Amino acid sequence: MRSSNWKAILAYTLCLILAGCGAVPEDEPPAVIPEPGVPKQLQARQIIVALSERLQPQWTPIAQDLATQYRLQPVGKFPLTSIQVQCLVYQVPPDQPLEALVARLQRDPRVELVQTNRLFEGQQAAPGDPYAALAYGVKLMRADQAHRFSTGRGVTVAVIDTGAETQHPDLQGQVRETATFVEGGEASFDTDRHGTAVAGVIAARADGSGLAGVAPDARLTVAKACWYPDSANAKALCSSWTLAKAIDFVINHGVKVLNLSLGGRASDELLARLLAAAEQRGMVVVAATLEGRDEPGFPASLETVIPVMACDANGRIQVPRWRGPSFVAAAPGIEVVAPIPHSRHTLISGSSLAAAHVSGVVALLLQQTPDLTLRQIKTLLQATARPVANPPASTDPVIGLVDACAALARHAPGLTCH
């Protein structure tokens, strides 16, 4: 046998005897196998750890020490300058219980915030009656009458969602800026269905297909934070990681309205901080509620957003099983005609579309009165809302059908609604 082989065998034997190097050290986490075909931001068993800006000189050693001490695999990091934290993302090995690990990290004095990387869904329902009345949304909310006074000109609305077909005839020239926060998401950006529909409801060009959006002169920022799984008809999925980066991005870009046509069941402390910062910067956030669930969902449950549920062409809603928030806006969201990729249109249902209608109305109000705050707009929408066709027996929550013309008329005495 060659002497080099003898040397290798001898070295290996000594290593086993003296240091046990043939075994995995006890403090090294087991290998985590990524889910095939799933972007890294939406993998299971991830946690997000936020470090305060005051610890910035120690961010790198702290990140390394946390990985070693808690047996974690680093998979990403990103700053959120709007709330002055650095976020570290770790993959948790399968042998560690998530809740116990989070509890341990919450007691670590170096950690500002820790949570699991939660998932959120786009709130789109399956299509129903193909003969439903087309393009009823703008008329039902009397936004067509409001267009004599306001079309959303000069107001930028951010759509944090999937991507969108920016060259769709309804959206050409309407998208000011795009950004992607999902690994590999650029390839599917222009073929994403959900974001295309939401963007079109808000700001479709009046001279596109002939179907004008609620605020046809508003401009859009489309930030892709959601991704479609491979399974057919699956809802778009987003995570705390992707949404946090997208919200921080739009806050720092001076957007006036933020549309979140998505929701999750669990509250999310990191996103709640970001949305509070958004309100403090003067941004108005509109969020879809969960339909057919026992809770309105997050972020719709926050006081820092305008929660929205869907109604049909007759103003009928699916009466919620949950209580609160104090006021929920109802808007068209059942069988709404909307643009989809490849320059087509279809009928889509869900509170996602309802939220888009309300975001458009907010853009109309902000063109007319730019200094309105979120709370003032909420009060105005509630005061001018019309009753839904089938109001719930309980007054908690108060649900009202948004009336764009009546809301604008409060600040435009010459506007007559009929």
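Heavy atoms only: backbone and side chains are in, while hydrogens, waters and symmetry mates are out. Quick caveat, the model's predicted, so the values are computed rather than measured.
The main-chain N or O of His147 is never found under 3.5 Å from a side-chain atom of Thr151 such that the two would form a donor-acceptor pair. A donor-acceptor pair under 3.5 Å links the side-chain atoms of Gln96 to the main chain of Arg71, judged by distance alone. The closest donor-acceptor contact from the side chain of Ser150 to the backbone of Ala146 lies at 3.5 Å or more, if one exists at all. Here the side chain of His342 pairs no donor or acceptor atom with the backbone of Thr191 at under 3.5 angstrom. Side-chain atoms of Trp322 never come within 3.5 Å of backbone atoms of Gly292 as a donor-acceptor pair (strictly under, hydrogens ignored). Remark: side-chain polar atoms of Gln145 are not paired, donor with acceptor, to backbone N or O of Cys405 under 3.5 angstrom. Distance alone, capped at 3.5 Å, places no donor-acceptor pair between the Asp217 side chain and the Arg153 backbone. For Glu291 (side chain) and Gly350 (main-chain N/O), no donor-acceptor pair under 3.5 Å exists by modelled atom type. In this structure, Gln91 contributes its side chain and Ala44 its backbone to a donor-acceptor pair below 3.5 Å. A distance-only check finds no donor-acceptor pair linking the side chain of His168 to the backbone of Pro341 [under 3.5 Å].
Between Gln43 and Val75, every side-chain heavy-atom pair lies at or beyond the 4.5 Å cut-off. Between Ile47 and Leu72 there is a side-chain heavy-atom pair separated by less than 4.5 Å. No side-chain heavy atom of Ile348 sits under 4.5 Å from any side-chain heavy atom of Val201. The closest side-chain heavy-atom distance from Val85 to Leu113 is not below 4.5 Å. When side chains are defined from C-beta on, Val255 counts as touching Arg176, because their heavy atoms get closer than 4.5 Å. With contacts defined as side-chain heavy-atom distances shorter than 4.5 Å, the pair Val89/Lys40 does not qualify. You'll find the side chain of Arg281 reaches within 4.5 Å of the side chain of Asn252, heavy atoms only. No side-chain heavy atom of Leu140 sits less than 4.5 Å from a side-chain heavy atom of His357.
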**Study point:** Working for side chain to side chain contact (heavy atoms under 4.5 Å, CB included), residues Arg265 and Leu290
**Key:** CA-CA 8 Å; Arg265 297 192 183 190; Leu290 300 186; 4.1 Å; yes
**Study point:** Chi angles and distances behind the side chain to side chain contact (heavy atoms under 4.5 Å, CB included) call for Phe249, Thr221
**Key:** CA-CA 10 Å; Phe249 172 82; Thr221 292; 4.1 Å; yes
Review point. Given Val285 and Leu302, is the side chain to side chain contact (heavy atoms under 4.5 Å, CB included) satisfied, shown in steps?
Key: CA-CA 10 Å; Val285 182; Leu302 295 174; over 6 Å; no
Exercise for review: In sequence, state the C-alpha distance, the side-chain angles, and the governing distance for Ile202 and Val257, and then conclude on side chain to side chain contact (heavy atoms under 4.5 Å, CB included).
Suggested key: CA-CA 11 Å; Ile202 296 170; Val257 185; over 6 Å; no
Exercise for review: Given salt bridge (Lys or Arg N to Asp or Glu O under 4.0 Å), test Lys139 with Asp144 step by step and report yes or no.
Suggested key: CA-CA 6 Å; Lys139 293 182 179 179; Asp144 55 338; 5.9 Å; no
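Each of Thr162, Val38, Thr242 was compared with Trp227 under the side chain to side chain contact (heavy atoms under 4.5 Å, CB included) criterion, and only Val38 meets it. Checking each of Leu51, Leu80, Val49 against Cys87 for a side chain to side chain contact (heavy atoms under 4.5 Å, CB included) leaves exactly one that passes, namely Leu80. For the side chain to side chain contact (heavy atoms under 4.5 Å, CB included) criterion with Gln86, the lone passing option out of Gln56, Lys77, Glu53 is Lys77.
Here the CZ atom belonging to Arg273 is positioned 11.5 Å from the CD atom belonging to Gln84, to the nearest 0.5 angstrom. One distance of note links SG of Cys238 with CD of Gln41; it measures 11.5 Å at 0.5 Å rounding. Expressed to the nearest 0.5 Å, how far NZ of Lys224 lies from NE2 of His194 amounts to 13.0 Å. Summarising the geometry, atom CD1 belonging to Ile247 is positioned 4.5 Å from atom CG belonging to Leu275; distances are rounded to the nearest 0.5 Å. To the nearest 0.5 Å, atom CZ of residue Phe149 and atom CG of residue Leu408 are 9.0 Å apart. Atom-to-atom distance recorded for Arg148:CZ and Leu415:CG is 5.5 Å, nearest 0.5 angstrom.
The two residues Asn117 and Ser240 have their closest heavy-atom pair at OD1-N, 3.0 Å. The two residues Ile399 and Ala330 come nearest to each other via the heavy atoms CG2-CB, 4.0 Å. Shown here for Asn259 and Ser359, the closest heavy-atom pair between the two residues is OD1-OG, 2.7 Å. A pairwise comparison of heavy atoms in Asp108 and Tyr70 identifies OD2-OH, 2.8 Å as the closest pair. Nearest heavy atoms, Ile306 versus Ala329: CG2-CB, 4.4 Å. Heavy-atom minimum distance, Tyr136 versus Pro332: CE1-CB, 3.6 Å.
Identified under the salt bridge (Lys or Arg N to Asp or Glu O under 4.0 Å) test for residues 403-418, with sequence neighbours left out: Arg142-Asp403, Arg386-Asp403.
Glu165 and Thr196 share no donor-acceptor pair across their side chains, judged by distance under 3.5 Å alone. Between Asp268 and Gln115, the side chains place a donor N or O and an acceptor N or O closer than 3.5 Å (distance only, hydrogens not considered). For the 3.5 Å distance criterion, the side chains of Ser326 and Lys378 fail to qualify, holding no donor opposite an acceptor. Between Asp248 and Ser82, the side chains place a donor N or O and an acceptor N or O closer than 3.5 Å (distance only, hydrogens not considered).
Applying the side-chain contact (heavy atoms from CB on, under 4.5 Å) rule to Ala363 yields the partners Val155, Val157, Ala215, Ala218; only residues at least two apart in sequence or on another chain are considered.
Ring geometry, Trp241 versus Phe78: the interplanar angle falls under 30°, so the pair is classed parallel (tilted spans 30 to 60°).
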